[in-house]
J.: 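Structure provided below as structure tokens; questions to follow.
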Amino acid sequence: MSGDHGHGGSQVNSGAKGIDSHKHKDKHKDKEHRHKDHKKDKEREKIKHSNSEHKEHAEKKHRDKEKLKHGDGSADKHREKHKEKDKDKERRREEKIKSSHADKPKKEKENGYVRNTSPAVIKSEPEEDNGFYPSPENNKSFKREYDDEEFEYKPKKVKTEHDKKAKKRKHEYEEDEEDEDIKPKKKTKDRKGADGKKTKKEEEEKWKWWEEERYTDGSKWRFLEHQGPVFAPPYEPLPGKVKFYFDGKPMKLSAPAEEVATFFSKMLEHEYTTKDIFRKNFFKDWRKEMTPEEKSKITDLNKCNFSEMSEYFKAQSEARKQMSKEEKQKNKEENERLLQEYGFCIMDKHKERIGNFRIEPPGLFRGRGDHPKMGMLKRRIRPQDIIINCSKDSKHPKPPAGTKWKEVRHDNKVTWLASWTENIQGSIKYIMLNPSSRIKGEKDWQKYETARRLKKCVDRIRTQYRDDWKSKEMRIRQRAVALYFIDKLALRAGNEKEEGETADTVGCCSLRVEHIKLYPKLDEQEYVVEFDFLGKDSIRYYNKIPVEKRVFKNLQLFLENKQQEDDLFDRLNTSILNKHLQELMDGLTAKVFRTYNASITLQQQLKELSCSDDSIPAKILSYNRANRAVAILCNHQRAPPKTFEKSMQNLQTKIDEKQNQLSTARKQLKAAKAEHKASHDDKSKKTVEVKRKAVQRIEEQLMKLQVQATDREENKQIALGTSKLNYLDPRISVAWCKKSNVPIEKIYNKTQREKFAWAIDMAERDYEF
DNA sequence: CGGATAACTTAGGATATGCTAA
DNA sequence: TTAGCATATCCTAAGTTATCCG
């Protein structure tokens, strides 16, 4: 059954990224489309969905698209609408908060692997909701018990007393409280100074959240205190000597206009400042910042000369590089101070690192790929734009002097500390914790547990979707073929996107006719499908893959009577797909397949490639190759580093040198041997040994270099980081390290070890995904 | 029920840091 | 000691998914 599902790597023939990755650009030239029409279209589509024939459906969709090309360019309407929406949002949010206390959890989703939560228990919750479900079968163990096979865990006894205390303690969570949770820290403190190895001790005593019980009521924390975000530094006007010229004449700009001009000048080197859309968007937004006089004068971007500004910033960054050691040190210390002050929060008695405590500075928006909004002004975020989230009983962060927060709320059903609405897409941005935090780690762990549950039923699911290829219902067939692609090719789900708001990219469900080509016969193979589309981040996915006859026939059917720009799966979207998946397995969604296939591939490949008597570098090469197979499967590409050729050359030079060294050493060894044969004395014997050792050492070094070269070459266009960080169950890697006697540091750097601390701590050598 | 959207994960490139060889 | 490069970290855009709401 699963024979069809090897993800060895060769099947993915990734196309070159970069230059050609944005080639689909002019497809939907006229992107000036309007909300209103769109709405109507959607309404019409509703009806369609329920009863129209497939053929009609496709045609209609197409017609609708055509229609979209004649809009009234109602940008203002659009904006107005946005405002109203914003107000609406806020109102809803308020209501939500108010009612959130009454809200009982609907589903015990928070712990995907906690499956046996009984409703009876929910009802019997005490008034003072402490967030844990009392477990009937209490265990005395301090460790959270989890069973790899069953994905259950039994919470230890709830300590209500403990929790009340926490509330009383309010602002004082000094480490010297008698609380058992923080005792270890106290010990550390005591030892400081007296013990030279204090940092090591501290690390040993890091909090093991994975040995504690989790919240099962949907709350994310009990107590949250932080300092609020760090704002972008205010704009510093240019020195008078740095001038901007319009139409050859110097012109002093007002501060707001000047600031926006500097954004542009800093990007002058980049190719995209030459792009029409970029320039158009920039100029439009820039003019909004100008005084009426400026506006009337500066009428044409082409007559603007930013070069002095550009030179000035180049010089500045050069100067920064040339800074003396002391200055650099000073900078570093300042950064460290900021980090210490704002980079941490207290969540439930533990100090946790914040991921992004700095507010995004203003600048020009650069979307990826062919983005219709590139060049627009990303406005400066002020305190009155920020919503703070913290617990009621915490010391609330202070807004900068003379300012106010937009709102301070206390919503413990979410994990963010602060949020604001960004002005380009109107989406919300958040300040959240670092991946090493409990709240992120638990979620990550849970993600892999869900994937492991998929492992257990994937055969059943595969059987089913193969069966569904034969369904008499079009929607079922489409669903089944899409799922097959998601499973076999690790495609993303592919939500619909609003045209004109973002780059034109697709995933599985949003594939269009133009993205695939069918070849009944290609070279030696039958039933080949060629994929060519831009996926997330406008990274090109290019792949030719033989599929089963039935899939092929279905695809032909789906394509009937459709235009290039019609949806391949016109009866499917991510919502339908995920609903179906949910029925197949609790917690199953499209992306779980990516996680599952990535992790299982790593495990398989490691088994296949590893050789126990390889040297460490060779083992690491094997690991990287296994990792690479996953990266190729998931299409994690990167632009070849600018210095790639050079660095390869350097490495080759080193190899050549090493080879010379080796032959010299070998000659010397030979000579020494001859010498020894002649004289048979102790001294010459020793020399032989020394020389032999030298040869061995150089051989090893050479091998290491060669391995490194291979690795680097193979990695030219492949990014390993994304899969390592997001798709590969870290316990597989940890177990492999233990089995292979490879130090974990060779696989995970410091940050990664912090993120995966839970896995490093709990996975044994025999761990199986 | 479907569209909108809040919340959160995943993503590649840019920039900073720090190590090594000259 | 420092330039040059490799690696780590930062940054924030772009996805997915569940839920909300009319």
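Keep in mind that this is a model prediction, so the values were computed, not measured. Naming convention: chains lettered A, B, ... in sequence-line order (proteins, then strands); numbering from 1 in each chain.
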J.: Can Glu442(A) and Arg438(A) be counted as an ion pair, charged N to O under 4.0 angstrom?
T.: yes

J.: Looking across every strand, which nucleic acid part, if any, lies under 4.0 Å from Asp444(A) by heavy atom: base, sugar-phosphate, or nothing?
T.: nothing

J.: Report yes or no: is the cationic atom of Lys373(A) (NZ for Lys, CZ for Arg) under 6.0 Å from the centre of the six-membered ring of Phe365(A), at an angle within 45° of the ring normal?
T.: no

J.: With a 4.0 Å limit, can you tell me whether Thr574(A) has a side-chain N or O closer than that to the phosphate oxygens OP1/OP2 of dT17(C)?
T.: no

J.: I'd like to know if Glu318(A) pairs up with Lys321(A) as an ion pair, taking the criterion as any Lys NZ or Arg NE/NH1/NH2 lying under 4.0 Å from an Asp or Glu carboxylate oxygen.
T.: yes

J.: Between Phe485(A) and Phe531(A), is the ring centroid distance below 6.0 Å?
T.: yes

J.: Would you please confirm or rule out a distance under 4.0 Å between OP1 or OP2 of dA14(C) and any side-chain N or O of Arg492(A)?
T.: no

J.: I want to check one thing: is the phosphate of dA11(B), taken as OP1 and OP2, less than 4.0 Å away from some side-chain N or O of His636(A)?
T.: yes

J.: Considering only residues two or more places apart or on different chains, which pairs with a residue in residues 704-730 of chain A satisfy salt bridge (charged side-chain N to carboxylate O under 4.0 Å, His left out)?
T.: Arg625(A)-Glu714(A), Arg628(A)-Asp711(A), Arg628(A)-Glu714(A), Glu645(A)-Lys716(A), Asp729(A)-Arg731(A)

J.: Tell me which nucleotide among dA11(B), dC8(B), dA13(C) gets nearest to the side chain of Val414(A).
T.: dC8(B)

J.: Counting the atoms with a prime plus P, OP1 and OP2 as sugar-phosphate, which does Thr505(A) contact under 4.0 Å by heavy atoms, base, sugar-phosphate, or nothing?
T.: sugar-phosphate

J.: Looking only at side-chain N and O atoms, does Asn578(A) offer a donor or acceptor that is under 3.5 Å from a partner on Gln582(A)?
T.: no

J.: Taking the side chain of Lys591(A) as heavy atoms from C-beta outward, which of dC8(B), dG12(B), dT10(B) is closest to it?
T.: dT10(B)

J.: Please compare Lys755(A) and Ser427(A) by the position of their nearest nucleotide in DNA chain B and report the one closer to 5'.
T.: Ser427(A)

J.: According to a strict under-4.0 Å criterion, is Lys497(A) in side-chain N/O contact with OP1 or OP2 of dA14(C)?
T.: no

J.: Tell me whether the side-chain N/O atoms of Lys646(A) come closer than 4.0 Å to OP1 or OP2 in dC5(C).
T.: yes

J.: OP1 or OP2 of dA16(B) versus the side-chain N and O atoms of Lys321(A): is any pair under 4.0 Å?
T.: no

J.: Just N and O in the side chain of Arg594(A): are any of them under 4.0 Å from OP1 or OP2 of dA11(B)?
T.: yes

J.: Between dT9(B), dG12(B), dC10(C), which one does the side chain of Arg353(A) approach most closely?
T.: dC10(C)

J.: What nucleotide among dC11(C), dT17(C), dT12(C) has an atom nearest to a side-chain atom of Thr589(A)?
T.: dT17(C)

J.: Within the 4.0 Å heavy-atom criterion, would you say Lys328(A) contacts the bases, only the backbone, or no part of the nucleic acid?
T.: nothing

J.: Nearest-nucleotide wise, let me know which of Arg712(A) and Gly535(A) is further upstream toward the 5' end of DNA chain C.
T.: Arg712(A)

J.: So if I take every side-chain heavy atom of Lys440(A) and compare against dT9(B), dA13(C), dC5(C), which nucleotide ends up nearest?
T.: dT9(B)

J.: When you measure from the side chain of Ala493(A), which nucleotide among dA7(B), dA6(C), dT17(C) comes out closest?
T.: dT17(C)

J.: Any side-chain N or O of Lys332(A) under 4.0 Å from OP1/OP2 of dA16(B)?
T.: no

J.: Checking contacts here: which listed nucleotide (dA14(B), dT16(C), dA7(B)) is nearest the side-chain heavy atoms of Tyr430(A)?
T.: dA7(B)

J.: Taking any heavy-atom pair under 4.0 Å as a contact, classify Pro361(A): base, sugar-phosphate, or nothing.
T.: sugar-phosphate

J.: What is the distance from CD of Glu336(A) to C1' of dA16(B), rounded to the nearest Å?
T.: 15 Å

J.: Just to confirm, is there a sub-4.0 Å distance from OP1 or OP2 of dG4(C) to any side-chain nitrogen or oxygen of Thr643(A)?
T.: no

J.: Base, sugar-phosphate or nothing for Asn495(A)? Non-hydrogen atoms, less than 4.0 Å.
T.: base

J.: What do you reckon, are the aromatic ring centroids of Tyr272(A) and Phe278(A) less than 6.0 Å apart?
T.: yes

J.: Let's see if you can work this out: which of dC11(C), dT12(C), dC8(B) has an atom nearest to the side-chain heavy atoms of Lys429(A)?
T.: dT12(C)

J.: Need one value for Gly507(A): base, sugar-phosphate or nothing, where a base atom within 4.0 Å counts as base even if backbone is also close, heavy atoms only.
T.: nothing

J.: What's the closest nucleotide to the side chain of Asp411(A) if the choices are dT17(C), dC8(B), dA7(B)?
T.: dA7(B)

J.: When all nucleic acid strands are considered with a 4.0 Å heavy-atom cut-off, which category describes Ser575(A): base, sugar-phosphate, or nothing?
T.: nothing

J.: Kindly point out which of dT12(C), dC11(C), dT10(B) is positioned nearest to the side chain of Arg358(A)?
T.: dC11(C)

J.: Given that Thr595(A) and Lys654(A) both sit by DNA chain B, which one's nearest nucleotide is further toward the 5' end?
T.: Thr595(A)

J.: On DNA chain C, compare the nucleotides closest to Ser647(A) and Lys536(A); which residue's is nearer the 5' end?
T.: Ser647(A)

